[in-house]
Amino acid sequence: MFRKILIANRGEIAVRILRACRELGIRSVAVFSDVDRASLHVRLADEAYPIGPAPSRESYLRIDKLMDVARRAGCDAVHPGYGFLAENPALPRACTDSGVTFIGPPAEAMEALGSKTAGRQLARRADVPTVPGAFDPIEKPEEAESLAQVLGYPVLLKAIAGGGGKGMRLVANAAEFASAWRDAGSEALNAFGDARLYLEKYLLRPRHIEIQILADNHGRVVSLGERECSVQRRHQKLVEEAPSPVVTPGLRAQMGEAAVRLARAGGYVNAGTVEFLVDANLDFYFLEVNTRLQVEHPVTEQVTGLDLVKLQIAIAAGHRLPFAWESITPRGHAMEVRLYAEDPENNFFPSPGRILSRRMPTGPGIRIDEGVYEGWTVPNDYDPLLGKLIAWGNSREETIARLRRALEEFAVTGIKTNAALFRRILAETDFLHGEIHTRWLDELLRVPAAASRNGYPGAAKAAVIAAALWQGNQGGAASGAPQAEESEPSRWKIEGRRRQLDRDP
Amino acid sequence: MFRKILIANRGEIAVRILRACRELGIRSVAVFSDVDRASLHVRLADEAYPIGPAPSRESYLRIDKLMDVARRAGCDAVHPGYGFLAENPALPRACTDSGVTFIGPPAEAMEALGSKTAGRQLARRADVPTVPGAFDPIEKPEEAESLAQVLGYPVLLKAIAGGGGKGMRLVANAAEFASAWRDAGSEALNAFGDARLYLEKYLLRPRHIEIQILADNHGRVVSLGERECSVQRRHQKLVEEAPSPVVTPGLRAQMGEAAVRLARAGGYVNAGTVEFLVDANLDFYFLEVNTRLQVEHPVTEQVTGLDLVKLQIAIAAGHRLPFAWESITPRGHAMEVRLYAEDPENNFFPSPGRILSRRMPTGPGIRIDEGVYEGWTVPNDYDPLLGKLIAWGNSREETIARLRRALEEFAVTGIKTNAALFRRILAETDFLHGEIHTRWLDELLRVPAAASRNGYPGAAKAAVIAAALWQGNQGGAASGAPQAEESEPSRWKIEGRRRQLDRDP
Amino acid sequence: MKYEIQIAGKPCTVELERDAARWSISLDGSPADVDAVELSPGVFSILLDGLSYEVRVSPEPDGTLRILSGLEEFTAEVVDPRSWRRRRHGALEAEGRQAVAAPMPGKVVRLLVQAGDRVEAGQGILVIEAMKMQNEIRSPKSGVVEGLLAREGQAVNAGEVLAWVD
Amino acid sequence: MKYEIQIAGKPCTVELERDAARWSISLDGSPADVDAVELSPGVFSILLDGLSYEVRVSPEPDGTLRILSGLEEFTAEVVDPRSWRRRRHGALEAEGRQAVAAPMPGKVVRLLVQAGDRVEAGQGILVIEAMKMQNEIRSPKSGVVEGLLAREGQAVNAGEVLAWVD
C-alpha cells in the first residue's frame, strides 16, 4: 500500500480524499494556491505546500509544480480528484515519468474513452447505442452550424475536454447558434485550456442516468449500479440519487453490462462513470465516459456501503476486486444536493465572500462532504461548489424527508447559496413522483417560486425585531440584545413567559 | 398520526426527537429551563416554552408544568427521551389523565419491568437467567452488608430507580461498604429522587450486551439484535457497538428470544432494551430492562437502517410492525462514542463552560447526534453528555478507522472533553481484538496513557509559536498573526515557501 | 429607542426599551410577547408567542439588511436618526436612471453593447466571468445605455456600477 | 517582540519580527520555516517545514495557556515584560503551601476532613457535586489541612480555593 499520497486538488474533494488516506493510514499531502492557504483541505492534511497564485492555470493546473511537490515531499502516489487535471492524460504520463503512481485510469484509456468523440466511436464498436451527432471536434462554426441544420434543432454544443456543464450550450434554433458557439468555446478555453467543441442531437426530455464502474489491473470490471442525475440547471447536475426511480433490475443489468463492455473495450482501470440518456421508452443512449471520480459518488457509496476513494487507492496499489461485487444490489435510497455559492434570487450569479455564520445539519441519515467552514472566505477563482449534502433512508420518501429536514436546518450568511432552490425542488409533485428529465428544472425555473409554502406566520415579525436588535447593537454591544451567556432571566422575559402560559399559542 | 409532540427533555436527545418529528411532518414543542434558553433544542424546535429554574427538580422533572405546556400548546403526544422522567410511571399516567398519548410503554409495563428487582422476578418466571442477588430494595445498610457477605465480594450496589451508572457502586470488600452505600444512596436521591438501593453478585470480567426490542399494540414483539456496551468507566457506558464481536447468529437468536419472552411477560409496548451480562463461556444473565430509548440507539439504527424514534412514534400512534423485521440481520458495523464535558487528565471532573471554538468531523460513515454548538455555554446543572459520534463501516476495522479519523478531526476549546480517551481506547490492542469486558476500561485507566503515539513531531514547536502569536494578539489585533482573510502572501512566507521547495521535508 | 423598518416593502415600527438589564419590545405600538437572545453576532433566537425562530441578520453592500428568518428571506431597511441621511440618499438614487451593477466580483470578459445603444429590458449588456462561469448581465429596463463604465478584461467588485440605462 | 515560553516544563524563546505586513518567526534564535495564519480567534493554522498543524490556544483560570496542537495537548506559560509580575507571583505561590481548588463549578455536598487533620497525598478532602456526579476532591500532598474554606452546601466556582494543605 502507498505511504504518502499527493492530493492534486482543492475544496471538498481534496478533503474527501485525505479522509480516505487517513482511514487507510496513508499520509496526505495537500497543495494550495495563495488564496487557499486557509482552506479546509490545508487544515486537515498531514502536509501542505504552496503551488502559486490564485488562477488555476498558474497553480492547480501546473503539472510541473505538482510533480515537484510530489518528489520533494516523497509521495508515492497522486490522486487528481475531479476537475482540474483529473481527465488530462498528461498527468498520468508525468506521474509515470516521475515514478509515482497515478490513482486513476492509464493515459491511453483516458484518450480512448475520455474525449467524447473518441468515446462514441468506441461505443459504436462495442455495440453501445449512442446519440446521433458529430464524432470529431469541429473547427469552423460554419461546419458546425450546417451539421446542426442536418440533425435539426435543438442541438447541444459540448467541449471536447468538457465536464460539469462547462463549455456546454443548448442551441434551440439557428439564431442562437453564433453566440452559443462563442460562449461555449471561451468557457471551455478558460476551464480546460482547450476551446474545441463538438455537437450532437438533443433528445427531448431525456433522463440522465449513469453507471458507476470499477476495474482492477487484473481484468475484472464491475458495475456498482446507477445514479440518476436528471435534475440539472443548464446541464449542471444539482440533485443526484440512487437507485433511479425508473430503473428496474433488468434495465440495471442491461446498462451495467453495456458500461462494463465499453470499459473493457477501452482498457479501462480504476473508478469511472458511463453516462447515458434514457428516453421515455427506457431506451438508453451512451452519452460520455467520465474517466475519474464523480462529484456525486457519495450516493453510490451510501447505497452500496462501499468507499469508492479507498477502492480507487486499493486498485491503484494493485489489489484485486472481490468477485462478490459483481452482484451488488442497492440498499435503501440515497440522494445528494450540491450546495453552491450562488444566488438563485439573482439569476444564479456566483456569490463568493466570507462565511459570516452558518448552521450545518447533522443527525440520522445525513452525510456532509464539504470544503468550507465558518469564517472562511470563499474565493472568486474556482468552482462555487461549497459542499454536498447527502441523505440516506429506507425509501425514496424517507430520504427526501431527511434531506428536506437537513435543508431546513442549513443556514448561512455572508454568502448566498442555492439551498432554498432545493427546498423548492423537494416540494415539487413531479419530483416527488420521480417524473424528472434533464430539462425539468430549467422549465420549473421559468415559473417564479410560490411564496413561502412553509407556513412560518411570524417570520416577518421576527425578522423586524431582529433587525431592530441588530441596529441597536451597532451602537455598541452594551445597547444590544441580551447575550446568550447572561444567565438570570429579565423581568420582561418572565412577564412574557407568564403571558405565554396564560393563553393558547 | 400525531399533529404536535411535546419533547419532555433537553440536549442531544431532544434534538434527535424533534428531527424525527420534522421528518414525519409533526410539529415539535420544546421545553427549557432558564439556563437552556439558548440551547440547540430550543433553536431547532417549532415551538419552545419555559418551565422554570435550572435545577431539574424545578423544571424538567415537573410533570405538572409539562402537562400544562402540552395542554396550552395543543400537543397530542409526549416523548420523554431518556433520563429525567422517561422511566417514571407517573408521566404516562399524567398523560392519560390529560388525554395525550405517551410515546413509550404503559405505566404497568414500566413497573413490571423497569424496577430492577421487579424485572428480575419477572425474568425468573419467564425462564430468563439472572445474576444472583437481592430481589427487593434493602432499607438498612446492615442487612445489605450481611447479604454481601453471603454472596461474597465483589458486589454491586444499584439504585432501584437507577440508570446510566448513577447511584451505582462496586464494592470490592467489606471495608469499602459503608462509604459506597452512602455515596450511591445520595447520588440516587439526587438523580432520581429515590435513594433506595439493592445489590447483586458482581460477575468477573463480564461483557455488557443488550438486545433492542420493539413491541406494537397488536401483540407483535421483535428483536433488532444486540449492542455491545462493555467499554464502561465506573458503570457508565462510553463506547457502544453493533454487532458484538463475540455474538454468533445462534447466540443472537437465543438472546433475542429471551428478550422478547421477557417483554411479552411484562406486557411491554414500544421500544425497549433488555440488558444482559455475558460471561467467558458466552452464557448470558439478565441484568435489567430499560423501558425507554437508549442513548446508544444510533448504533442499532446504523446497522439495521431503521429509525427507532420514528418507529416509537408510529407504534404510539397504533401502527403495526411489519413481519419482516423479525428477520433483521445487521449490515456492516457501527460504533458510537459518547463525548462528555469532562477532563480525563483530571480524574474526569465535569468541565462545564462556554465552547470557545470547535471543529466537528463530517464525511463518509460519520453521524453526529449532538445538543451543543460553538459559542454556547454548557450548563453545570445537567448530565455532561455533549453529543455522540457514530461511525459506520463495512467491517469493524473500517468502522474503527473512521471513528479514529473523526476523533482526529474533532477539536474543542473552552471546555475539556474525553475525546483523547477515545483516541487512546481505539488504539488499544485488546479493544481492536474485541477483548473487552465491563471492567476493562477501569483497569486500563490505572495505567497512565503512553505519550503521543500519534507521531506529530513538530506539535510542541507549533504550540510554542501559536502561544507567542496569541500573546502578540493580546496587545491588539494589529500586532497579531496574519488573519486568514488577508490575501497577498508576505515576503517571509514566500521565503519560507522557497526554502520548503528547495529541500526534502 | 424607536426604529422605522421597511421590510418586504411594508413599513413597521419597533420600539426597544431598557427594562432592567434587558429590552422590552413593542411592534407598531403594541407590546409583543417576545423572548429574544443573540446567540452570536447577527444570529438571534426569537420566541414569538411561543414559536421559535432563528433569525440571521447581515448587511448588504447597498446598506440594506439581508435577513434569514426561519426559512423565509427578507430584505429590510432600518431608518433611525443616525442612518437617516444614508438611507434617503439610497432611496433617491433608485428613482433616477437605473444602474447596472456587478452582482458579484469577477472579470468583465465581453461587452455586448456600446454607449448610446438602445436596449430592451433583460437584454444583455456585458458578460462577467466569476468562479469559472460566464454570466450575462442584463439591462434592468428598456432605454438607452448612457454611461458604459466597464472595459473588457477589467476586474470588478460586487456592487460596482458597470453602466447606466435611462 | 521576544517571548519566553515555558512549555511542558521546558523553556523556549520565540521571536516575532515585523516583516512587511506579517511576522517572521525564529525559535530559540534560529529562523523557523513557518507559515502561520489565524483562522479565528485563538485558532491558528501553522505550516512548519511543510507539516500542517492546527493549533488552538485558550487561557486557563490560573493564567496558563491550554494549547491543542494537532492531537497533542500542552500547558504553556508565556513570560513577556508586560505579564512578568503576574507569572512570577503565580510561580511563588506554587512553591508555598498547596491550595486545594475546585476543578469545576459545583456544590460542596460533604466535607471529609476537618481543619488541622493530617492527610495523605490523594486522600479525599471533600466531595463536590457537578453535572449530577459526585466527585471526591483529593489532597495534592501529604500534610496538615490548614485552612478549610469550603462549607457543606456551598456553591463554588472553578478555580476557587477550598482548602490549604501544608
Side-chain angles (χ1 to χ4, degrees), chain A residues 15-16 19-20 22-25 34-35 37-38 43-44 47 49-50 68-69 72-74 298 301 305-307 309-310 331-332 354 359-360 362-370 373-377 392-394 398 401-402 404-405 408-409 484-485 487-489 493 497 500-501 503-505, chain B residues 15-16 19-20 22-25 34-35 37-38 43-44 47 49-50 68-69 72-74 298 301 305-307 309-310 331-332 354 359-360 362-370 373-377 392-394 398 401-402 404-405 408-409 484-485 487-489 493 497 500-501 503-505:
Chain A
V15 172
R16 170 70 185 90
R19 280 172 168 158
R22 186 150 291 171
E23 292 172 15
L24 290 170
D34 293 343
V35 292
R37 168 62 184 87
R43 292 171 60 188
L44 290 174
E47 304 178 25
Y49 300 93
D68 198 40
V69 171
R72 291 167 189 276
E301 294 184 319
L306 301 172
D307 186 314
V309 178
K310 288 185 194 165
R331 176 197 188 229
R354 186 175 174 83
R359 187 176 69 184
M360 295 302 293
T362 58
I366 298 303
R367 165 179 170 182
I368 292 172
D369 281 18
E370 64 176 346
Y373 58 92
E374 182 171 306
W376 188 59
T377 300
W392 183 91
N394 262 304
E398 184 180 47
R402 282 182 166 164
R404 195 186 284 136
R405 186 268 293 172
E408 290 177 5
E409 293 179 18
E485 56 268 32
S487 55
E488 48 326 88
K493 276 174 74 182
R497 288 166 184 184
Q500 283 164 21
L501 290 177
R503 120 160 66 72
D504 274 28
Chain B
V15 171
R16 169 71 185 91
R19 281 171 166 158
R22 186 152 291 170
E23 290 173 16
L24 290 170
D34 293 343
V35 292
R37 168 62 184 86
R43 292 171 61 188
L44 290 174
E47 303 178 26
Y49 300 93
D68 196 38
V69 171
R72 292 168 189 275
E301 293 183 319
L306 301 172
D307 185 316
V309 178
K310 287 185 196 165
R331 175 198 189 231
R354 185 176 174 83
R359 187 176 69 183
M360 295 302 293
T362 58
I366 298 303
R367 165 179 170 181
I368 292 172
D369 282 17
E370 65 176 345
Y373 58 91
E374 182 171 308
W376 188 58
T377 300
W392 183 92
N394 262 305
E398 184 180 46
R402 282 182 165 163
R404 196 186 283 138
R405 185 269 292 174
E408 290 177 5
E409 292 179 19
E485 56 270 31
S487 55
E488 62 303 287
K493 277 174 74 180
R497 288 166 184 184
Q500 283 164 24
L501 290 177
R503 116 164 69 76
D504 275 27

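Proteins get letters first, then strands, A, B, ... in listed order; numbering begins at 1 in each.
Distance CZ/A/Arg19 to CD/B/Glu409: 4.0 Å, rounded to 0.5 Å.
The greatest number of non-hydrogen atom pairs below 4.5 Å with chain A, out of B/Gly393, B/Ala20, B/Pro364, B/Gly332, is found for B/Pro364. Here A/Glu398 is the residue among A/Met360, A/Arg404, A/Glu398 with the most heavy-atom pairs under 4.5 Å with chain B. Highest contact tally toward chain B, considering only A/Asp307, A/Val309, A/Ile366, is held by A/Asp307 [criterion: heavy-atom pairs under 4.5 Å]. Comparing A/Glu301, A/Glu374, A/Arg359 by heavy-atom pairs within less than 4.5 Å of chain B, the highest count is held by A/Arg359.
No part of A/Pro298 comes within reach of chain B, as not one of its non-hydrogen atoms sits under 4.5 angstrom from that chain. When heavy atoms are compared at a cutoff of 4.5 Å, A/Arg331 approaches chain B solely by way of its side chain, counted from C-beta outward.
The shortest distance between side-chain heavy atoms of A/Arg405 and B/Leu24 does not fall below 4.5 Å.
The minimum heavy-atom distance linking B/Glu23 with A/Ala401 is given by the pair O-CB, 3.5 Å. Pairing each heavy atom of B/Asp369 with each of A/Gly363, the nearest pair is OD1-CA, 3.4 Å.
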